[in-house]
Amino acid sequence: MVARSTAAYAAALAGVEQAALTALARETWQTLRGELFAFVRPLIARLMEAGVAPYIVSSSPHEIVALLAAELGVEDCDGSRFTARGGRYTGDCHSMPGAVGGKLTLLRQFAAARGASLSRSLALGNGPGDIEVLAAVGRPLVFEAGPPLSAIARTNNWPQVNRINVLDHVALALDA
């Protein structure tokens with residue numbers, strides 16, 4: 001589904017000016033920013049206080065992910081990126097984190113660039129596309145997952161968290 005929806009999004013962008021999409025992303029972000037869960041800002045602050053470099057990876061378009069990251073003061077982020085030439089999108093997807101292996105590849109690159117160990121890393125995931133990352137890190141947290149991921153979390157003994165207790169679980173993971 002991620003591959004098909006991202007390809008459809010890329011095709012819809014064919015011929016669109018990058019500047020127009022950037023402006024639309026800014027406009028859209030002004031609406032979406034009020035929908036952030038209440039725990040997100042304290043979560044990022046807690047990670048930074050602990051000396052942990054937050055990294056946001058999403059299947060969403062990079063233009064939106066970058067605005068979220070900037071708002072939260074997070075330097076590193078990745079989202080789906082679309083090919084452009086001459087200031088216009090071509091209709092092709094350059095990078096799709098939501099594809100199989102996408103998020104894990106990006107996380108490995110991020111960790112390697114910082115000399116960090118995945119076994120000491122924390123990941124918060126909520127969907128099937130996050131399973132590879134959750135399995136690769138030493139501190140996986142499964143956030144409000146649906147039945148398939150919830151079952152995998154139980155099998156792997158991964159903590160399952162929600163918007164009420166996520167900060168407590170992050171504190172425990174950071175202290176481990």
Side-chain angles (χ1 to χ4, degrees), residues 1-48 52-111 113-114 121-134 136-137 140-146 149 161-163 166-167 170:
M1 182 186 89
V2 170
R4 285 195 317 264
S5 63
T6 303
Y9 185 81
L13 287 179
V16 172
E17 291 182 2
Q18 285 179 290
L21 182 63
T22 300
L24 180 59
R26 281 193 200 110
E27 181 182 323
T28 302
W29 177 244
Q30 292 310 308
T31 302
L32 294 177
R33 66 194 297 255
E35 296 179 23
L36 280 178
F37 291 126
F39 73 82
V40 172
R41 285 180 176 82
L43 169 67
I44 297 299
R46 175 69 174 96
L47 293 172
M48 290 180 171
V52 174
Y55 178 44
I56 300 171
V57 182
S58 174
S59 299
S60 296
H62 185 74
E63 292 81 2
I64 292 289
V65 177
L67 292 168
L68 164 67
E71 171 121 351
L72 296 174
V74 173
E75 293 181 21
D76 299 293
C77 68
D78 273 296
S80 293
R81 296 176 189 252
F82 303 93
T83 306
R85 286 193 192 90
R88 292 189 178 275
Y89 291 100
T90 65
D92 295 319
C93 182
H94 171 70
S95 170
M96 188 185 333
V100 174
K103 289 181 182 180
L104 183 55
T105 297
L106 290 168
L107 179 60
R108 284 181 173 146
Q109 291 169 352
F110 176 77
R114 282 148 192 80
S121 296
L122 181 148
L124 182 66
N126 68 345
D130 299 321
I131 293 170
E132 295 173 313
V133 169
L134 293 165
V137 300
L141 295 175
V142 177
F143 179 76
E144 296 185 359
L149 180 54
V161 303
N162 58 45
R163 61 193 81 191
V166 65
L167 292 174
V170 167

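Predicted, not measured: the structure shown is a model, and the values here were computed from it. For this chain, numbers begin at 1 and follow the sequence in order.
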Ring pair (Phe, Tyr, Trp, His ring centres under 6.0 Å) partners of residues 65-98, not counting sequence neighbours, each pair once: Tyr9-Phe82
Contact summary for Val133 and Leu104, nearest pair of heavy atoms: CG2-N, 3.7 Å
Shortest non-hydrogen contact between Val137 and Ser121, atoms and distance: CB-O, 3.4 Å
Residue pairs involving residues 67-83 (criterion side chain to side chain donor-acceptor pair (under 3.5 Å); sequence neighbours excluded): Trp29-Glu71, Arg33-Glu71, Arg41-Glu71, Tyr55-Asp78, His62-Arg81, Asp76-Arg114, Asp78-Arg81
Rounded distance [0.5 Å steps], CG in Leu36 versus CG in Leu68: 6.0 Å
Backbone N/O of Thr22 and side chain of Glu63: donor-acceptor pair under 3.5 Å: no
Any side-chain heavy-atom pair of Val74 and Leu47 under 4.5 Å: no
Listed once per pair and sorted, the side chain to side chain donor-acceptor pair (under 3.5 Å) pairs that draw on residues 98-109, sequence neighbours left out: Lys103-Asp130
Criterion side chain to side chain contact (heavy atoms under 4.5 Å, CB included) on Leu72 and Val40, from CA distance to verdict: CA-CA 8 Å; Leu72 296 174; Val40 172; 3.7 Å; yes
Spacing of Leu124 atom CG and Ile56 atom CD1 [to the nearest 0.5 Å]: 11.0 Å
Where Ser58 and Val65 come nearest, the two heavy atoms and their spacing: CB-CG2, 3.7 Å
Minimum heavy-atom distance between Cys93 and Thr6, given as atom pair plus value: SG-CG2, 3.7 Å
Evaluation steps, side chain to side chain contact (heavy atoms under 4.5 Å, CB included), between Arg46 and Val52: CA-CA 9 Å; Arg46 175 69 174 96; Val52 174; over 6 Å; no
Leu134 to Ala123 - nearest heavy-atom pair and separation: CD2-O, 3.7 Å
Smallest separation among heavy atoms of Gly98 and Ser59, with atom names: CA-OG, 3.0 Å
Heavy-atom check, side chain of Val170 versus side chain of Leu43, under 4.5 Å: yes
Distance in Å, Ile64 CD1 paired with Cys77 SG, rounded so as to fall on 0.5 Å steps: 11.5 Å
Inter-residue atom distance Phe143.CZ - Leu149.CG, 0.5 Å rounding: 12.0 Å
Point-to-point distance, once rounded to the nearest 0.5 Å, from CG of Leu141 to CG of Asn126: 12.0 Å
